[in-house]
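The structure appears right after this line, and notes come after that.
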Amino acid sequence: MTDINVILATDCGSTTTKAILIEKINGQYRLTARGEAPTTVEAPAEDVTRGVINSIAEIEDITGKTFIKDDKLIVPRKDDKGADIYVSTSSAGGGLQMMVAGVVKQMSAESAERAALGAGAIVMDVLATNDKRRLFQRIERIRNLRPDMILISGGTDGGTVRHVVSQAEVIAAADPKPRFGIGYELPVIFAGNIKARDAVRETLNEKTALQIVDNLRPTLENENLKPARDAIHDLFLEHVMQHAPGYKKLMTWTSAPIMPTPGAVGDIMQLIAKRENIQVVGTDIGGATTDDFSVFRADRDDPESQFVFNRTVSANLGMSYSISNVVAEAGIPNIMRWVSFDVDERLLRNSIRNKMIRPTTIPQGLNGLIIEQAICREALRLAFIQHKQMAVGLRGVQKQSSIGDAFSQKSSDETLVDMIGLDLIVGSGGVLSHAPRRNQSALMMIDGFAPEGITNLAVDSIFMMPHLGVLAQINEDAAIEVFEKDCLIHLGAVVAPVGVAPYGKPCMTVEIHGKGKWDLKVGEMKLIPATRDEEFEITINPNKKFDIGAGKGKIVERKIKGGVVGIILDARCRPIQLPENHDERITALQSWNKELDIYPEI
Amino acid sequence: MAYAYSPGLKVLESVTLQRDRRLPLSGKIIVSQGDSVSAEQVVMMTEMPGKADMMNIVSMLGCLPGEIGKYMKKEAGDSIKMHELIAESSSFFGLFKTRIESPIDGTIESISPVTGQLTLRGKPIPVEVKAYIDGKVLSTDGKENVIVETTGSFIQGIFGVGGETCGNIEIAVQSPNIPLTIDSLSENHKDKIVVGGSYVTYDVLMRAKEIGVKAIIVGGFDDSDLKKFLGFDLGVAITGQEKLGLTLVITEGFGEIPMAEKTFNLLCKYAGMRTSVNGATQIRAGVMRPEIIIPHPSAQKAADEKETKLVLEIGKSVRVIREPFFGKIGIIKSLPVELTKLPTESMARVLEVEFENGERAVIPRANVEVIAMD
């Protein structure tokens with residue numbers, strides 16, 4: 001695969017199929033065209049390839065080139081027609097929905113959940129012997145949810161058999177039917193104690209399509225997620241995809257296996273972290289769900305320690321279908337705290353509900369935009385809380401504990417998400433990628449994630465991370481090159497010291513060499529225009545109550561770059577402190593919006 | 001020529017439509033192709049496997065899982081009755097006995113020698129599926145599916161709660177701008193489908209439920225009242241399964257919004273007619289909206305429901321579905337091709353609309369829905 005010059009990639013989403021064309025121009029891989037069309041999994045077409053063809057036909061219109069012949073893609077390229085390779089991801093039909101089961105909720109069940117999430121699934125429920133539910137309740141739950149697939153783990157190798165088999169018996173008693181395709185058996189993966197395999201086989205073989213793989217928690221200190229993740233991908237293709245309309249045909253077109261969309265996004269993020277040696281957080285805030293990804297070092301005190309990848313899906317935090325759920329979970333006061341004008345609660349509640357029932361509408365007036373962006377901040381915040389809770393302790397493949405750990409004060413419950421060591425936050429999803437001003441995206445991400453220290457911010461320009469993730473399977477260089485040059489829009493950097501002090505007190509002095517020097521008081525924000533083409537020396541001298549990464553009151557000197565927004569100095573404390581008084585809060589929000597040029601003047 | 005399609009709600013006076021009735025499992029079909037059916041008539045039935053429960057019998061008997069066979073009085077597959085002896089152990093030369101009785105009527109599905117768990121299966125649960133609409137059986141697969149066809153009026157609501165129901169239409173207000181109040185309800189509304197105007201409150205719904213109203217159709221409803229009515233804050237719009245005592249269909253949206261005149265007039269025209277209503281709403285990929293179906297023989301040629309396209313065209317009637325013109329109805333005057341900058345600074349495809357009072361406005365195409373009329 002050395003001579004790849006033309007690449008087509010699609011992502012078949014629930015509503016839209018997005019196609020991109022990558023071409024090698026003067027020795028460099030670049031994005032040259034994109035097209036989109038409605039996804040055609042449902043009636044009347046009931047054939048996903050129709051949407052794929054339509055989206056690529058749009059690329060044909062734009063480029064004047066030919067990629068389709070007789071309703072089929074031309075792969076490999078012949079006589080300057082077609083593409084050298086074609087790859088695709090899919091989340092159509094609601095993506096891959098799984099249930100996982102383990103013996104102990106915080107151990108094997110949690111490892112199983114990580115395996116499923118990492119493979120790109122939505123985890124509908126986690127069953128465990130200590131989940132405080134009675135057996136019949138677990139059975140009812142399985143019957144009601146109708147997952148696409150179930151992953152069972154539990155027991156270290158040679159350990160408990162009885163408890164593991166008991167989980168298999170619960171599943172057998174529920175006799176679950178898959179969501180799609182009457183007449184085929186539900187795929188079940190067993191990745192638990194090797195000694196329980198025979199009994200699990202005995203219990204489930206006749207009722208399900210059982211596949212047995214290596215234990216994902218062979219010992220208490222080891223987590224081995226890869227075999228379970230690979231099995232999830234295989235069964236996703238063999239069972240779930242085979243029964244989705246048109247996928248059988250699509251699978252014969254692709255040059256690499258079709259991946260679940262979030263699995264591909266996770267892969268590209270891991271690749272970037274590894275290549276650049278940086279710690280990354282990514283978010284994809286959609287209409288129905290918010291996916292968070294992170295790549296952090298296993299030991300925040302050891303810069304040489306391995307990277308650990310985590311993904312979480314907040315299944316009901318989103319900007320359209322799930323918008324009311326964001327409000328239900330965050331509470332109206334938490335939404336209103338980001339709204340820079342007076343708003344009646346009844347009107348606000350009804351207007352959010354109206355967005356839920358008509359999810360494709362867009363704000364026409366500025367107030368509508370401000371409210372949606374307030375909700376986005378809360379969705380990002382809530383999803384990130386869930387992510388931090390999940391990204392804890394023993395995460396990652398084959399992590400071996402050492403004798404030193406026995407004496408360390410670190411708790412396995414401590415999150416791996418190290419905000420002060422975080423290098424880059426990447427945002428994607430319509431509300432972030434298509435905000436009318438990039439400054440709005442930057443501030444939504446700052447308010448939602450509350451980055452600490454010095455953190456770079458970027459957005460995925462047209463949500464092509466899934467395409468690049470699946471492409472990386474066969475051409476890593478092309479994927480990375482396009483990611484850097486065409487996918488990411490670097491917004492700039494935010495400088496935010498950690499600590500709390502009353503508004504008006506000194507917070508930090510910042511000098512950006514060649515730009516100027518600023519004294520910031522608590523509660524102030526400042527935008528310094530700076531592009532990504534230049535690199536500046538920055539000296540940050542925090543007040544004794546604040547820490548910018550070296551300790552309270554300790555000066556930090558380093559290099560910094562800007563972006564399309566610039567460098568944002570944020571002295572609103574960490575955790576972010578908003579004035580409690582209503583009028584003062586609105587005044588503060590308006591002043592930050594003005595300083596950062598967030599909204600047009602009314 | 002390319003068409004711009006718009007999500008929209010259908011308000012059709014005369015349409016032929018089919019409803020796919022389906023069993024959760026294969027079962028018995030009790031109607032034949034061509035049969036006339038009424039909405040409340042059962043057309044097919046089956047039995048779902050009973051509820052499963054598990055008993056950790058080894059801990060109750062005080063034995064090991066491998067020994068369980070010695071104490072069992074029943075085997076896997078045996079029928080059991082409530083309080084029937086299913087296992088017994090004795091200790092101290094028979095002085096102390098532990099008797100395990102069945103907690104249910106049903107069968108023993110399995111006995112695990114590994115865990116000592118007994119899986120008990122309750123009696124099968126009968127499931128019946130009704131025709132839902134008055135009409136004719138168009139086809140059946142003989143196992144799990146019956147398609148019922150009817151001709152009549154069809155109205156889609158925007159959001160609903162509560163499932164399928166049937167009754168006669170009663171108009172309880174004078175105009176679509178008037179809210180439904182407690183005073184406008186009476187005992188005569190028992191078993192009826194009551195049409196209000198612009199708005200209904202929680203208190204009015206409670207009174208309607210008390211009377212025995214089958215369904216309420218109104219323009220708008222408050223989010224805070226929905227929370228009270230459901231008993232929880234609805235996160236995602238997937239409804240239809242809740243047992244609320246009546247079905248609610250809102251035609252316009254949340255807040256106090258007059259029902260579209262065309263919808264109201266159509267309902268008035270068929271007042272007194274038997275009508276099927278379903279509040280089930282699902283706003284995800286594969287959107288499902290609540291619906292009102294009034295079967296009636298039609299003098300005019302009925303359109304096919306599936307062929308009624310919602311296309312944005314000059315001269316078509318649209319309803320604005322987002323502020324600042326939310327709820328207003330007008331006619332499309334132009335459809336500019338180029339993107340237009342909105343007050344939010346977003347670039348969007350827009351259209352120009354003329355409202356009923358002659359005023360004109362430029363609105364994002366995403367913020368209107370076509371009112372499909374036949």
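Naming convention: chains lettered A, B, ... in sequence-line order (proteins, then strands); numbering from 1 in each chain.
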Distance, nearest 0.5 Å, that separates CD of B:E252 from CD1 of A:I357:
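Output value for this atom pair is 9.5 Å.
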Once you round to the nearest 0.5 Å, how far does CD1 of A:I371 lie from CD of B:E323?
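Rounded to the nearest 0.5 Å, the CD1-CD separation comes out at 8.0 Å.
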Please flag which part of [X] lies under 4.5 Å from any non-hydrogen atom of chain A: side chain, backbone, both or neither.
X	value
B:F221	backbone
B:V320	neither
B:I363	both
B:P113	neither
B:K341	neither
B:E109	side chain
B:T119	side chain

Go through the atoms of [X] and report whether side chain, backbone, both or neither lie under 4.5 Å from a heavy atom of chain B.
X	answer
A:T203	neither
A:I139	side chain
A:R437	side chain
A:V164	neither
A:Q167	neither

Would you say B:T115 and A:E169 are linked by a side-chain donor-acceptor pair, where the criterion is simply a distance under 3.5 Å?
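B:T115 and A:E169 do have a side-chain donor-acceptor pair below 3.5 Å.
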Considering non-hydrogen atoms only, spot the tightest contact between B:A52 and A:A173 and give its length.
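Taking every non-hydrogen atom into account, CB-O, 3.8 Å.
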Any idea which heavy atoms bring B:P343 and A:P600 closest together, and the distance?
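Result for this residue pair: O-CG, 4.2 Å.
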Who are the side chain to side chain donor-acceptor pair (under 3.5 Å) partners of A:E329, not counting sequence neighbours?
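Only A:N325 meet the side chain to side chain donor-acceptor pair (under 3.5 Å) criterion with A:E329.
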What option among A:V165, A:L369, A:I362 has the most heavy-atom pairs under 4.5 Å with chain B?
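Sorted descending by pairs with chain B, the first entry is A:I362.
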Identify which of A:S324, A:A174, A:A199 forms the greatest number of heavy-atom pairs closer than 4.5 Å to chain B.
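Most heavy-atom pairs within the cutoff with chain B belong to A:S324.
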Check: [Y] main-chain N/O paired with [X] side-chain donor or acceptor under 3.5 Å:
X	Y	answer
B:R322	A:S351	no
B:E345	A:L366	no
A:N350	B:D222	no

Only counting residues at least two apart or in another chain, list the ones meeting salt bridge (Lys or Arg N to Asp or Glu O under 4.0 Å) with A:R133.
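With sequence neighbours excluded, A:R133 shows a salt bridge (Lys or Arg N to Asp or Glu O under 4.0 Å) to A:D125, A:D131, given in chain and number order.
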In this structure, which one of A:M356, A:R358, A:R353 forms a side-chain contact (heavy atoms from CB on, under 4.5 Å) with B:F159?
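Looking at A:M356, A:R358, A:R353, the match for B:F159 under the side-chain contact (heavy atoms from CB on, under 4.5 Å) is A:M356.
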With the threshold set at 4.0 Å, does a side-chain nitrogen-carboxylate oxygen contact exist between B:D225 and A:R349?
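No, B:D225 and A:R349 are not salt-bridged.
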